[in-house]
Amino acid sequence: MEASLARATMLKPFIRKLKRVLLLSASRGGGVSEIRFDEEMEAAKMVPGDVKKGHFAVTATKGEEPKRFIVELYHLTDPAFLSLLDQAEEEYGLQQEGVLAVPCRPEEIQKILENRRMRRASTEW
């Protein structure tokens with residue numbers, strides 16, 4: 001229980017930043033002030049167009065070539081994915097900007113995503 005609480009506490013800055021960026025990129029309206037335009041432009045640099053609302057980008061950095069994944073936010077509750085985030089914190093720290101770099105092989109992320117999809121699909125029946 002304490003380990004889960006510690007992980008959740010460590011994720012709070014990342015989740016806050018992710019929410020802020022997603023909200024900024026989602027806000028498109030008339031009469032945008034110059035400051036707001038600058039914020040949206042900065043958010044657009046950080047969140048590529050293929051990253052939909054409720055998702056974030058992750059890059060597996062180990063292996064022959066880094067591979068980028070678009071991951072749904074619900075994976076932030078998956079213990080296997082949280083373990084990868086712990087590894088990322090140890091190797092890169094909490095001050096990463098843009099795409100989240102994770103020190104693992106692409107196959108590891110792919111396996112976690114597929115396992116979660118399979119578990120999720122099995123509960124929908």
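Keep in mind that the numbers below use all heavy atoms, side chains included, and drop hydrogens, waters and symmetry copies.
Of the possible donor and acceptor atoms, one in the side chain of H55 sits under 3.5 Å from a partner among the backbone N and O of K53.
By the side-chain hydrogen bond (donor to acceptor under 3.5 Å, both in side chains) test, Q110 is found to be paired with E114, residues two or more places apart in sequence or in another chain being considered. Scanning for salt bridge (charged side-chain N to carboxylate O under 4.0 Å, His left out) contacts around K111 gives an empty result, with sequence neighbours left out. Residues that satisfy the side chain to side chain contact (heavy atoms under 4.5 Å, CB included) test with P103, not counting sequence neighbours, are T61, K62, Q87, A88, E91, Y92. Under the rule for a salt bridge (charged side-chain N to carboxylate O under 4.0 Å, His left out), E107 has no partner lying at least two apart in sequence or in another chain. Residues that satisfy the side chain to side chain contact (heavy atoms under 4.5 Å, CB included) test with T77, not counting sequence neighbours, are R116. For E90, the side-chain hydrogen bond (donor to acceptor under 3.5 Å, both in side chains) criterion is met by no residue, not counting sequence neighbours.
Atoms CG and CG, from L100 and L85 in turn, are 6.0 Å apart once rounded to the nearest 0.5 Å. Between the CD atom in E108 and the CG atom in L84 there is a gap of 6.5 Å [rounded to 0.5 Å]. Taken to the nearest 0.5 Å, the CZ atom of F69 stands 10.0 Å off from the CD1 atom of I112.
Of all heavy-atom pairs between A60 and C104, the closest is CB-O, 3.4 Å. L76 approaches L82 most closely through the heavy-atom pair O-CD2, 3.1 Å.
In this structure, the side chains of K52 and I70 stay at 4.5 Å or more apart for every pair of heavy atoms. At a threshold of 4.5 Å between non-hydrogen side-chain atoms, the residues I109 and V58 count as touching.
There is no path of hydrophobic side-chain contacts, each under 4.5 Å, that joins Y74 to F56.
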